[in-house]
Number of protein chains: 2
Amino acid sequence: MEEKKLTLNLDIRSGLPIYTQIANQIQSQLVNGILKPGDQLPTVRALAQELRVNFNTVARAYRILDEERIISTQQGRGTYITEIPPPEVSERLRRESLVALTQRFINEAFRLGFSEREVSQMVRDNLKSMKEAAVNDNE
Amino acid sequence: MEEKKLTLNLDIRSGLPIYTQIANQIQSQLVNGILKPGDQLPTVRALAQELRVNFNTVARAYRILDEERIISTQQGRGTYITEIPPPEVSERLRRESLVALTQRFINEAFRLGFSEREVSQMVRDNLKSMKEAAVNDNE
DNA sequence: CCTTTTATTGTACTAATTGTATCATTGTCA
DNA sequence: TGACAATGATACAATTAGTACAATAAAAGG
């Protein structure tokens, strides 16, 4: 669950940009179970050296996967595979997990002495500021 | 009121720096009553060893909490939860803990692939059914 | 007891490692 | 050849680790 070698095969003639190839192959290795949630990916510089590529190209691949929430890149620390919503999980189980998650959240909030009003207000505010942040990202 | 074990859970995939995670969790344990005023926290080196982290990382977390007057760090002696949190501080802590709790909840829900709409709907439903249950209890 | 020594604890400063941002260069294709 | 996408170069910022130090407490010696 740590420090995989991460063997990638780049093909110059494929026509696909290098960063796309890197991103695709990491994603497919995750789907195939070669990479697992929690795994640390090589640093942008290490993988770049291995692939004989500029590290910004690797960083770009990582950024794509990060935006898709497949990995989590953290300045000063490294990049890690995140959990993925398992596609094989049924919609019913998915909903159930949200229900459970929500109940835990609300119970905890009540235990801290917050009112129903405070809780729903906080959820609204939080969702709103999140949406605004997303909008800013697109401008 | 002394020498708690202080169980913390670091998540490398959370995207938050370790020092932030440590500070947040100590703060929330105080709000939740797991830690109490006057409690001595582990030494920076002890907690660092336990978490497999450099002790400066723990020291940074402690410094953050110290600046917020939540703990008192004393060179040569140790670090302690502040004795009497001023009322405005404890109220602030209470609110901040709700913010943090809400953010964790929403992040987790998004990570599971739920939309903003689904999340807010689920919170509404859950609060509503809770209120109804409370009414039934009083009949 | 009091003083000196040693151990323990947090602090300060710096270095190393990591990802990010910005702009320049290259190459391809209409 | 001009525009645009891909890649490279360079400087930067954030996080964590390494080392030396200072303050306090505890232990030792007299």
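Within every chain, numbering begins at 1; the chains are lettered A, B, ... in the order of the sequence lines, protein sequences first and strands thereafter. What you see below is based on every heavy atom in this structure, not just the backbone, and it leaves out hydrogens, waters and symmetry mates. This one's a predicted model, so the numbers in the text were calculated from it and none came from an experiment.
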| message | Closer than 4.0 angstrom, basic N to acidic O: yes or no for B:E108 and B:R104? | response | no

| query | What's the CD-P distance between B:Q40 and C:dT8, to the nearest Å? | reply | 14 Å

| remark: Across all chains, not counting sequence neighbours, the salt bridge (charged side-chain N to carboxylate O under 4.0 Å, His left out) partners of B:D125 are none

| request: For residues B:L47 and B:P42, report the shortest heavy-atom separation together with the two atoms involved. | output: CB-CB, 4.0 Å

| Hydrophobic cluster partners of A:I64 (side-chain heavy atoms under 4.5 Å) | A:Y19

| Base, backbone or nothing for each nucleotide of nucleotides 7-14 of chain D, written B, S, -, heavy atoms under 4.0 angstrom, 5' to 3'? | BBBB--BB

| message | Checking A:Q74 against A:S72: is there a side-chain donor and acceptor pair closer than 3.5 Å? | response | yes

Could you go through nucleotides 4-7 of chain C and list every protein N or O atom that sits under 3.5 Å from one of its N or O atoms, giving the distance for each pair?
none

| request: Return yes if a side-chain donor-acceptor contact under 3.5 Å exists between A:D66 and A:T73, otherwise no. | output: yes

| request: Could you tell me the separation between the CD1 atom of B:I70 and the CD1 atom of B:I81, rounded to the nearest 0.5 Å? | output: 8.5 Å

| field | Length of the CG-P vector between A:L47 and C:dT17, whole Å | value | 18 Å

| message | Rounded to the nearest 0.5 Å, what separates atom CD in B:Q25 from atom CG in B:L6? | response | 8.5 Å

| query | Which whole-number value in Å describes the distance from B:Y80 OH to C:dT8 C1'? | reply | 11 Å

| For the pair made of CD1 in B:I22 and C1' in D:dT16, what is the distance, rounded to whole Å? | 11 Å

| field | Protein-nucleotide distance (B:L65, atom CG; C:dG10, atom C1'), rounded to Å | value | 15 Å

| request: Starting from C1' on C:dT9, measure out to CD1 on B:I71 and report it in whole angstrom. | output: 13 Å

Could you write out each protein N or O paired with an N or O of nucleotides 28-30 of chain C at a distance under 3.5 Å?
none

| field | C:dT11 phosphate, OP1 or OP2, under 4.0 Å from B:T73 side-chain N/O | value | yes

| query | Rounded to whole angstrom units, what separation is found between the CD atom of A:Q74 and the C1' atom of C:dT17? | reply | 14 Å

| said: Tell me whether A:N126 contacts the main-chain N or O of A:V123 through its side chain, where contact means a donor paired with an acceptor under 3.5 Å. | reply: no

| said: What is the separation between atom CZ on A:R63 and atom P on C:dT22, rounded to the nearest whole Å? | reply: 11 Å

| field | Distance-minimising heavy-atom pair for B:L65 and B:A23 | value | CD2-O, 3.7 Å

| note | Sorted by chain and residue number, the side-chain hydrogen bond (donor to acceptor under 3.5 Å, both in side chains) partners of A:S14 (sequence neighbours excluded) come out as A:Q21

